[in-house]
**Student:** 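Sharing a structure with you now.
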Number of protein chains: 2
Amino acid sequence: MSRVQNENSETKPSIRESNRTKIIEAASKIFASNGYTGTTVQQIAEHAELPKANVLYYFKSKEGIYGAVLSEILSLWNSCLDDATVEDEPSEIFTRYIFEKMELSRTYPDASKIFAMEIIKGMPYLSEDMKHNMSEWFESRVALINEWINLGKMQAVDPQVLLFHIWSSTQHYADFSAQITSLRGEAMTVEDYDKASRYLATSILAGCGLTPKFDIV
Amino acid sequence: MSRVQNENSETKPSIRESNRTKIIEAASKIFASNGYTGTTVQQIAEHAELPKANVLYYFKSKEGIYGAVLSEILSLWNSCLDDATVEDEPSEIFTRYIFEKMELSRTYPDASKIFAMEIIKGMPYLSEDMKHNMSEWFESRVALINEWINLGKMQAVDPQVLLFHIWSSTQHYADFSAQITSLRGEAMTVEDYDKASRYLATSILAGCGLTPKFDIV
DNA sequence: GTCTATATAGCGATAGAC
DNA sequence: GTCTATCGCTATATAGAC
């Protein structure tokens with residue numbers, strides 16, 4: 001029976017993978033509250049309950065940790081819009097997409113915050129590869145929306161401006177949660193998120209001459 | 001003729017006031033790109049064309065500079081919504097407010113970015129005084145919108161959610177300008193801002209059962 | 001008021017014993 | 001693989017000459 005050397009999955013949540021995960025989770029929380037430069041490797045190590053040297057053993061540099069966190073974040077962002085086709089109904093796709101984005105804001109607020117700060121600062125650490133993927137995705141979705149418009153399935157709105165509208169209004173609930181909680185006097189509940197999602201879907205779809213399909217979400 | 005000592009205005013754009021302004025402007029630019037901890041006093045001094053020690057002479061500490069920048073930012077944010085009353089037409093007020101917010105995003109993007117990062121990080125440096133003022137303003141505007149609703153001047157939407165919607169969708173053009181430019185392939189022009197403002201006004205007001213009044217902006 | 005020179009502290013990263 | 005000890009650097013802030 002020959003020994004398989006580089007077996008890279010299955011039966012191996014070994015210490016290596018477990019520690020990597022602990023570091024990424026700890027780092028996400030601290031990067032979100034303190035920003036990149038405001039975060040120290042020491043803080044990450046304490047939250048991950050590991051010595052600082054071990055953290056740098058796994059990732060080699062603080063920038064390496066941050067890069068891993070960023071790519072982890074992008075992997076979260078699959079949505080129903082990715083695979084939508086010209087055959088689909090825009091009212092259904094947009095309704096579902098808005099609810100998905102709101103659910104992401106509610107479930108992974110730190111991911112949204114880290115990404116928001118990265119963009120506000122001018123995307124200094126976002127790899128060319130990640131930018132390229134984002135651009136490709138964006139262009140293809142703009143093209144799809146233009147097809148829907150040409151088919152008369154929705155009003156003629158600028159697809160770019162429409163996508164920015166959806167992103168901004170949904171991500172706001174993650175990124176600005178501190179302000180929202182402060183102004184409301186209490187944190188948003190799941191029900192609050194649902195009401196806000198319904199309102200946003202109604203308003204945004206109205207801007208496209210559409211009516212949301214709440215029965216599918 | 002007696003000497004007046006603490007004369008604090010008029011005929012005095014002296015070196016003192018001029019240097020203070022130069023420091024605040026330089027600091028705003030650098031805080032916006034680098035964040036609070038990512039900014040060094042040395043960088044601020046270079047952009048302001050002053051020796052580092054002089055910068056610290058005027059403000060005493062980096063945190064002092066940041067505080068001054070924050071309060072400068074809040075002073076920019078007067079709007080037509082501040083003095084709106086129940087007699088006004090919500091369609092006019094909201095249309096104008098959305099255009100004002102977009103104009104602020106276009107004209108003072110750095111101010112928006114600094115404030116956004118401050119909130120994302122959990123408002124660590126925002127004074128209790130500033131928070132209090134924001135809350136007072138928010139509550140009174142929520143009350144006003146509720147009055148409009150009770151008078152049948154607009155549909156019954158949650159006023160808090162409506163205000164978050166306006167803020168998020170307009171501030172996005174300042175805060176995420178790097179992503180917007182990257183995805184579009186070119187920066188937003190004044191005309192692009194105007195088109196986006198019209199679209200946002202149409203969509204957001206539609207969500208309230210209103211039609212924008214473009215002739216007044 | 002202005003600027004040079006420096007005190008003090010904390011950072012990321014590494015070397016080397018275990 | 002793990003951890004202690006430490007290097008080299010850069011930051012904020014100040015002391016004191018001009």
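Below, chain A is the first sequence line, B the second, and so on; all start at residue 1.
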**Student:** Report the distance from atom CZ of B/F59 to atom P of C/dG1, rounded to the nearest whole Å.
**Tutor:**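 Result: 13 Å.
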**Student:** Between C/dG12, C/dC3, D/dT12, which nucleotide has the shortest distance from any of its atoms to the side chain of B/P51?
**Tutor:**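 Side chain of B/P51 sits closest to C/dC3.
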**Student:** Mind calculating the distance between CG (B/N54) and P (D/dA13) to the nearest angstrom?
**Tutor:**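 Taking CG of B/N54 and P of D/dA13, I get 15 Å after rounding.
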**Student:** Other residues, nucleotides and ligands only: do more than 12 of their heavy atoms fall within 6.0 Å of NZ on B/K29?
**Tutor:**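 Result for NZ/B/K29: open.
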**Student:** Whole angstroms only, please: what is the CG-P distance between A/L50 and D/dC3?
**Tutor:**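 About 8 Å, once rounded to whole Å.
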**Student:** Between C/dT2 atom C1' and B/L56 atom CG, what is the distance in whole Å?
**Tutor:**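 From B/L56 CG to C/dT2 C1': 13 Å.
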**Student:** Can you tell me the distance, in whole Å, between the CD1 atom of B/I44 and the C1' atom of D/dA13?
**Tutor:**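 It is 14 Å, rounded to the nearest whole Å.
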**Student:** So, taking the atom named OG in A/S112 and the one named CZ in A/F176, what distance separates them when rounded to the nearest 0.5 Å?
**Tutor:**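 With rounding to 0.5 Å, OG (A/S112) is 10.0 Å from CZ (A/F176).
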**Student:** Flag the pair A/T37 / B/Y36 as yes when at least one side-chain heavy-atom distance between them is below 4.5 Å, and no otherwise.
**Tutor:**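 Side chain of A/T37 against side chain of B/Y36, heavy atoms only: no contact under 4.5 Å found.
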**Student:** When you measure from the side chain of B/Y57, which nucleotide among D/dT2, C/dA13, C/dG1 comes out closest?
**Tutor:**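 Nearest listed nucleotide: C/dG1.
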**Student:** For this output row, return yes or no: ring centroids of B/W148 and B/F94 closer than 6.0 angstrom.
**Tutor:**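 Yes: the rings meet the under 6.0 Å criterion.
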**Student:** At 4.0 Å (heavy atoms only), tell me whether B/Y58 reaches a base, stays on the sugar-phosphate, or touches nothing.
**Tutor:**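 It contacts sugar-phosphate atoms only.
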**Student:** B/W77 vs B/F115 aromatic rings, parallel, tilted or perpendicular, using cut-offs 30° and 60°?
**Tutor:**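 Plane angle over 60°, so perpendicular.
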**Student:** Report, one pair per line, the protein and nucleotides 15-18 of chain C atoms (nitrogen or oxygen only) whose separation is under 3.5 Å.
**Tutor:**
none

**Student:** Could you check whether A/R106 makes a cation-pi contact with A/Y173, meaning its NZ or CZ is under 6.0 Å from the centre of the six-membered ring and within 45° of the ring axis?
**Tutor:**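 So A/R106 doesn't make the cation-pi contact.
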**Student:** Which residues satisfy the side-chain hydrogen bond (donor to acceptor under 3.5 Å, both in side chains) test with A/T95, sequence neighbours excluded?
**Tutor:**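 So A/T95 forms no side-chain hydrogen bond (donor to acceptor under 3.5 Å, both in side chains) with any residue.
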**Student:** Going from OH on A/Y58 to CD on A/E17, what distance comes out if it is rounded to the nearest 0.5 angstrom?
**Tutor:**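 One gets 9.5 Å once the value is rounded to the nearest 0.5 Å.
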**Student:** Once the angle between the rings of A/W137 and A/Y97 is folded into 0 to 90°, is it parallel (under 30°), tilted (30 to 60°) or perpendicular (over 60°)?
**Tutor:**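 A/W137 vs A/Y97 ring planes: tilted.
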**Student:** In whole Å, I'd like the distance from the CD atom of A/Q42 to the P atom of C/dG10.
**Tutor:**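 So the CD-P distance, A/Q42 to C/dG10, works out to 12 Å.
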**Student:** Could you give the NZ-to-C1' distance, from A/K62 to D/dC9, as a whole number of Å?
**Tutor:**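 In whole Å, D/dC9 C1' and A/K62 NZ are 14 Å from each other.
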**Student:** Expressed as a whole number of angstroms, how long is the span from A/K60:NZ to C/dG12:P?
**Tutor:**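 In whole Å, C/dG12 P lies 16 Å from A/K60 NZ.
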**Student:** Between D/dT12, C/dA13, C/dG12, which nucleotide has the shortest distance from any of its atoms to the side chain of B/V41?
**Tutor:**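 The nucleotide sitting nearest to the side chain is D/dT12.
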**Student:** Going by heavy atoms closer than 4.0 Å, what residues in residues 19-38 of chain B are next to DNA chain C?
**Tutor:**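 Hits under 4.0 Å, by residue number: none.
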